[in-house]
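Okay, so here's the structure we're looking at.
Everything numeric in this text was worked out from a predicted model, so none of it was measured. Residue numbering restarts at 1 for every chain, and letters A, B, ... go by the order of the sequence lines.
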There are 2 protein chains.
Amino acid sequence: MNSRQSNVRQRVVAAAAEMLARHGLNATSIREMIKRAKAPLGSAYHHFPQGKEQVVLEAVAFAGAQVSHSLERHLQAGPVAGLRSFLSMWREVLIRSDFRMGCPVMAVAVEEPVGEAAKRPLEAAAKVFADWEGKLAAALQVHGRDARSAAELATLIVASVEGAIVLCRARRSISPFDKVARQLEGLVHAQASH
Amino acid sequence: MNSRQSNVRQRVVAAAAEMLARHGLNATSIREMIKRAKAPLGSAYHHFPQGKEQVVLEAVAFAGAQVSHSLERHLQAGPVAGLRSFLSMWREVLIRSDFRMGCPVMAVAVEEPVGEAAKRPLEAAAKVFADWEGKLAAALQVHGRDARSAAELATLIVASVEGAIVLCRARRSISPFDKVARQLEGLVHAQASH
DNA sequence: GTCTATACGAAGATAGAC
DNA sequence: GTCTATCTTCGTATAGAC
């Protein structure tokens with residue numbers, strides 16, 4: 001519980017989030033994440049008694065919260081600004097990693113673990129997506145959209161950005177992302193006031 | 001090369017595609033796919049000398065071609081019919097698997113293998129996505145859209161459907177998919193003639 | 001309380017018996 | 001040509017020395 005322990009915890013969670021985004025859930029190993037955090041293997045189970053499932057859960061929540069906070073801040077300037085912040089964050093991840101990193105939340109959702117159920121990380125992923133959609137939808141509604149239309153557009157935004165990330169990684173190109181971004185801006189502009 | 005070999009090959013590739021869609025790339029093991037094809041482990045390397053990389057590449061191409069053929073057939077009745085076919089295929093996968101299966105092409109794109117490069121499966125995935133987008137874009141263009149708008153909308157369709165699949169798996173619900181589908185139909189209807 | 005050393009299973013791949 | 005048995009590596013997790 002002292003500050004050194006907290007730092008190790010933070011470093012492990014951050015490393016896990018990066019590994020999830022790059023290599024996927026099953027290739028995100030305790031060994032590697034603890035190594036990146038410069039801590040011995042045994043200490044992983046001291047800080048995270050429930051092992052990998054716990055680290056992954058925290059990594060998803062951590063990455064989700066980062067995006068969520070930025071989204072929330074920029075949405076105060078309206079839905080267009082919020083959308084642009086959401087887009088630029090993911091665009092940056094793709095560019096900086098040379099299209100080798102994606103979304104750590106997605107990673108948890110598309111790999112059903114072989115062993116036991118391990119439902120908790122998946123539920124955390126669902127919560128993160130719902131949070132992003134909810135924040136976008138609320139802003140769209142405040143700016144003149146009815147509840148149903150706002151919710152639908154918010155879901156389209158999250159889905160198409162996540163999907164665009166996949167297309168970009170496959171193609172090793174930002175082009176799909178920019179095509180999607182352009183259209184989303186058009187859709188948000190169309191009915192929401194500035 | 002006789003028919004029994006071909007059957008084994010086909011069964012292995014089909015099993016691999018299903019495992020990719022459900023468990024992801026790294027959890028798709030040679031052992032399990034050959035077991036599902038009711039063939040001994042050693043024979044995997046007889047039929048697929050390049051091992052897992054080769055099976056995965058063929059599984060991605062196989063799954064991609066299945067979707068592509070259906071898309072092509074329905075697009076002859078126009079872009080709306082093509083979109084509906086694309087949507088209903090993926091909706092069916094989600095419902096029938098109780099939201100435990102996704103897109104095998106995506107699986108390859110979001111998990112950078114830990115070991116060597118293994119670029120071939122990723123390139124196959126890029127080809128599949130480009131094929132789907134190209135077919136959709138061509139149909140949209142024939143039905144009155146300019147080339148740029150057609151290409152952008154085609155990319156949005158593929159990206160948002162792939163992303164919607166992820167959201168549905170996380171939430172264990174078809175609701176995100178239906179929200180996205182509804183909007184895509186609106187967008188295709190808007191400018192493309194029936 | 002921290003961490004080294006290890007148990008145990010499963011992965012990809014192959015050698016070599018039939 | 002087919003397949004059993006095995007090599008090597010890496011995964012999660014823990015026992016027990018300091």
What residues 17-30 of chain B contributes to the DNA chain D interface at heavy-atom separation below 4.0 Å is none

Spacing between A:I34 atom CD1 and C:dT2 atom C1', to the nearest angstrom: 12 Å

Provide, to the nearest angstrom, the distance between the CD atom belonging to A:E32 and the P atom belonging to D:dT9. 17 Å

Could you list the residues that satisfy side-chain contact (heavy atoms from CB on, under 4.5 Å) with B:A130, not counting sequence neighbours? A:R171

To the nearest 0.5 Å, how far apart are CZ in A:F99 and CD1 in A:I165? 12.0 Å

Per-pair distances, 0.1 Å, donor-acceptor, side chain in residues 60-68 of chain B, under 3.5 Å, sequence neighbours excluded:
| unit_1 | atom_1 | unit_2 | atom_2 | d |
| --- | --- | --- | --- | --- |
| B:S68 | OG | B:D131 | OD2 | 2.6 |
| B:S68 | OG | B:K135 | NZ | 3.2 |

With a 3.5 Å cut-off and sequence neighbours excluded, list the donor-acceptor pairs that the side chains of residues 120-127 of chain B form with protein atoms.
| unit_1 | atom_1 | unit_2 | atom_2 | d |
| --- | --- | --- | --- | --- |
| B:R120 | NE | B:E53 | OE2 | 3.0 |
| B:R120 | NH2 | B:E53 | OE2 | 3.0 |

How many Å lie between NZ on B:K52 and P on C:dT14, as a whole number? 15 Å

Heavy-atom nearest nucleotide on DNA chain D for A:P49 versus B:L41: which residue maps closer to 5'? B:L41

The complete set of salt bridge (Lys or Arg N to Asp or Glu O under 4.0 Å) pairs with one or both residues in residues 58-72 of chain A, sequence neighbours excluded, reads A:R9-A:E58

Whole-Å distance separating the NZ atom of B:K35 from the C1' atom of C:dA11: 14 Å

Please list all pairs meeting side chain to side chain donor-acceptor pair (under 3.5 Å) that have one or both residues in residues 76-91 of chain B, counting only residues at least two apart or in different chains. B:S70-B:S85, B:H74-B:S85, B:R84-B:E185, B:R91-B:D178

Is A:H46 close enough to C:dT2 that one of its side-chain N or O atoms is under 4.0 Å from OP1 or OP2 there? yes

Between B:Y45 and C:dT14, is there a contact of a side-chain N or O with OP1 or OP2 at under 4.0 Å? no

Whole angstrom is fine here: how far is it from CZ in B:R31 over to P in D:dG11? 16 Å

